[in-house]
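In what follows, a single structure is set out as structure tokens and then discussed.
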There are 2 protein chains.
Amino acid sequence: MSNSPAKTRRTAIWSAIATALRGDISEGRYAPGDKLPTEAVLAERFGVNRHTVRHALAKLVEEGLVRTRRGAGAFVAALPTDYPIGRRVRFHENLLAAGRRPEKRILQIERRAATIGEAEALAIPKGETLCAHHGLSFSDGRPIAVFESVFPLSRLPGIDIALEETGSVTEALACVGVPDYTRASTRLTAVRANATQALHLQMREGDPLLRSTGVNVDGEMRPVEYGRTWFAGDRVTLTLES
Amino acid sequence: MSNSPAKTRRTAIWSAIATALRGDISEGRYAPGDKLPTEAVLAERFGVNRHTVRHALAKLVEEGLVRTRRGAGAFVAALPTDYPIGRRVRFHENLLAAGRRPEKRILQIERRAATIGEAEALAIPKGETLCAHHGLSFSDGRPIAVFESVFPLSRLPGIDIALEETGSVTEALACVGVPDYTRASTRLTAVRANATQALHLQMREGDPLLRSTGVNVDGEMRPVEYGRTWFAGDRVTLTLES
DNA sequence: CATCAAGATATGTCTAGTTGTATAATATAG
DNA sequence: CTATATTATACAACTAGACATATCTTGATG
């Protein structure tokens with residue numbers, strides 16, 4: 001009579017407000033350092049109580065997007081992390097240069113046979129053993145990407161051990177005789193987050209991700225790493241160098 | 001317990017309560033916009049459980065007679081606003097003629113490239129710069145619609161500034177040399193409200209909206225505005241002139 | 001010009017009240 | 001006995017208002 005089984009599990013009001021403000025910020029309507037409208041004004045705009053706006057703002061503060069000062073207002077803390085993609089792609093260096101505090105958590109390192117795509121990208125025979133590792137990247141303590149990258153073991157013997165000991169791609173490659181490497185190719189596309197990715201990135205299943213696929217080569221143009229990275233779309237802006 | 005338990009009840013308690021409240025409303029005891037007593041008070045007054053009162057209120061909400069807002073209360077719903085759609089569509093004029101108090105709140109004005117659909121509707125090259133603005137429409141202080149409309153900047157230089165200064169489409173167009181305009185086409189369809197729309201219109205996510213897509217042209221039949229409006233389905237009745 | 005005081009604003013915190021939702025128990029009709 | 005209507009209880013989410021406290025603005029004062 002009154003209700004049908006098709007009940008609407010609506011998103012919380014404060015959550016919708018947070019999303020709206022997050023969108024305004026990421027679209028540049030409020031630039032970094034800008035003062036957001038006062039809580040009272042926002043409450044009026046959205047037609048809700050001030051406490052509901054405060055809940056939304058608290059969420060944005062928790063995410064690091066907004067910083068509040070009592071008596072002064074709420075200010076946009078920073079734009080999404082700029083992540084330059086060019087000939088030299090170094091996670092730690094890039095974020096340090098942007099004034100961020102980078103962090104990396106390796107979830108797994110394993111040896112396994114190469115898939116067809118991996119073998120092709122690394123220019124090795126299909127089914128050859130390689131070293132794969134995947135994990136999470138953080139900026140200022142907030143997860144911004146999940147990655148999976150593989151190395152040809154035949155070309156880089158001991159890379160798996162070096163990776164485990166150093167926890168750094170750059171250092172591990174240096175350990176096995178690759179002092180420098182450059183990005184040979186990068187492909188970008190947008191996909192939806194699956195459950196696992198959403199969990200790691202603290203977002204919702206289906207939220208947009210920016211997927212980057214790239215191959216790094218050594219000084220003699222031999223592929224040394226084939227990596228895929230899924231960036232949280234609302235936290236990262238990739239910038240392309242000429 | 002207080003009511004005769006041995007007798008067979010022809011009508012359910014909640015139904016009787018709904019009828020009583022419906023009568024109070026139709027007799028003017030509660031005028032449109034008035035706040036009904038709280039569920040606790042009504043439960044006390046009718047000598048029943050709060051849930052039984054809620055069942056009655058749910059029925060009235062379903063009928064469209066009552067609107068509830070969590071934390072605020074239950075209110076007698078205002079009558080739907082008649083909104084004529086014809087050759088001349090003027091938000092303010094239409095509502096003033098209907099004896100309402102119109103209001104408009106522009107949320108954003110920006111310049112950006114035209115999408116394919118917008119370029120087609122305005123008969124301009126794809127990607128050309130246009131002026132877009134979106135916001136909210138009110139009738140007697142209640143939000144009844146969200147809108148987004150775009151203008152071709154090449155054909156109407158300065159329209160964005162005029163819009164910002166006047167806050168009125170009709171006046172802004174007059175400022176840039178379009179003294180009069182008429183509706184060339186209108187398309188209507190029903191859609192579900194997303195979280196943002198629901199928030200602005202103070203309704204629930206998934207509630208039905210009436211979407212109107214229209215193109216306005218100047219005296220020489222050149223498109224000057226391409227607008228989309230989402231009306232709250234329970235607050236507006238569109239009326240078509242012959 | 002520099003400084004201080006007072007007022008206006010804005011966020012932080014607290015208390016209370018109201019609707020929304022979930023779960024379980026009880027009564028009544030069929 | 002079974003299904004439905006009603007009661008009972010608890011908690012979550014949102015509103016409403018008041019007050020404290022930090023910050024900014026303004027104007028008077030020397």
Side-chain angles (χ1 to χ4, degrees), chain A residues 1-21 30 33-62 66-77, chain B residues 1-21 30 33-62 65-77 195 198-207:
Chain A
M1 43 191 74
S2 57
N3 279 342
S4 60
K7 291 292 291 205
T8 54
R9 180 184 52 194
R10 78 170 193 267
T11 60
I13 296 178
W14 65 264
S15 181
I17 293 175
T19 300
L21 291 175
Y30 301 117
D34 274 5
K35 183 178 178 303
L36 293 179
T38 69
E39 293 173 348
V41 169
L42 287 175
E44 170 80 9
R45 284 238 197 293
F46 288 112
V48 299
N49 189 270
R50 194 183 134 221
H51 285 311
T52 309
V53 169
R54 285 180 57 74
H55 195 159
L57 286 176
K59 176 68 175 170
L60 297 182
V61 167
E62 187 201 10
V66 168
R67 167 178 116 265
T68 59
R69 277 168 46 217
R70 180 177 192 167
F75 301 83
V76 178
Chain B
M1 44 185 75
S2 57
N3 284 350
S4 52
K7 284 291 188 177
T8 61
R9 256 197 315 265
R10 321 174 54 101
T11 62
I13 297 180
W14 65 266
S15 183
I17 294 176
T19 301
L21 292 174
Y30 301 118
D34 278 3
K35 182 178 180 300
L36 293 179
T38 69
E39 294 173 347
V41 168
L42 287 175
E44 171 86 7
R45 180 175 301 172
F46 287 108
V48 298
N49 188 271
R50 189 183 139 220
H51 278 341
T52 309
V53 169
R54 283 183 58 73
H55 198 159
L57 286 175
K59 178 67 174 169
L60 297 182
V61 167
E62 189 199 12
L65 257 145
V66 168
R67 273 187 69 219
T68 58
R69 275 170 50 215
R70 179 190 290 207
F75 302 82
V76 178
L199 186 61
H200 283 135
L201 294 176
Q202 297 179 5
M203 56 197 321
R204 303 172 76 125
E205 194 174 349
D207 280 353

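Below, read A as the first sequence line, B as the second, and so on, with proteins coming before strands; counting in each chain starts at 1.
Spacing between atom CD of A:Glu39 and atom C1' of D:dG17 amounts to 15 Å, rounded to whole angstrom units. With rounding to whole Å, B:Arg204 atom CZ is found 11 Å from D:dC14 atom P. The nearest whole Å value for the distance from the CG atom in A:Leu36 to the P atom in D:dT23 is 18 Å. As a whole-Å value, the separation of A:Phe75 CZ from D:dT23 C1' is 9 Å. Spacing between atom CD of A:Glu44 and atom C1' of D:dA16 amounts to 15 Å, rounded to whole angstrom units. The CG-P distance, from B:Leu42 to C:dT18, rounds to 11 Å in whole Å. One interatomic measurement links the two molecules: CZ of B:Phe46 to P of D:dT6, which rounds to 14 Å at whole-angstrom precision.
Closest of all the heavy-atom pairs between B:Ile17 and B:Ala56 is CG2-CB, 3.7 Å.
Looking at heavy atoms from C-beta onward, A:Leu21 lies in side-chain contact with A:Leu42 at the 4.5 angstrom threshold.
Of the residues in residues 47-61 of chain A, those with a non-hydrogen atom less than 4.0 angstrom from any atom of DNA chain C are A:Arg50, A:His51, A:Arg54.
Looking at residues two or more places apart in sequence or on another chain, you find a side-chain contact (heavy atoms from CB on, under 4.5 Å) between A:Phe75 and A:Lys35, A:Arg67, A:Arg69, A:Ala72. Not counting sequence neighbours, the partners of B:Leu36 by the side-chain contact (heavy atoms from CB on, under 4.5 Å) test are B:Tyr30, B:Leu57, B:Val66, B:Ala74, B:Val76. Checked against side-chain hydrogen bond (donor to acceptor under 3.5 Å, both in side chains), B:Arg54 has the following partners two or more places apart in sequence or in another chain: B:Glu39. Remark: B:Ala195 engages A:Thr11, A:Ala16, B:Glu205 in a side-chain contact (heavy atoms from CB on, under 4.5 Å) (not counting sequence neighbours).
Side-chain nitrogen and oxygen atoms of B:Thr38 include none within less than 4.0 Å of the OP1 or OP2 phosphate oxygen of C:dG17. Side-chain N/O atoms of B:Trp14 include none lying less than 4.0 angstrom from OP1 or OP2 on D:dA5.
Here the rule is side-chain contact (heavy atoms from CB on, under 4.5 Å) with A:Trp14, and of A:Asn49, A:Thr52, A:Val53 only A:Thr52 fits it.
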At a cut-off of 3.5 Å, list every protein nitrogen or oxygen paired with a nitrogen or oxygen from nucleotides 4-8 of chain C, distance to 0.1 Å.
none

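A residue-by-residue look at A:Ile13 and A:Gly71 shows that A:Ile13 has its nearest nucleotide of DNA chain D further toward the 5' end. For the pair A:Ala72 and B:Arg70, nearest-nucleotide mapping onto DNA chain D gives the more 5' position to B:Arg70.
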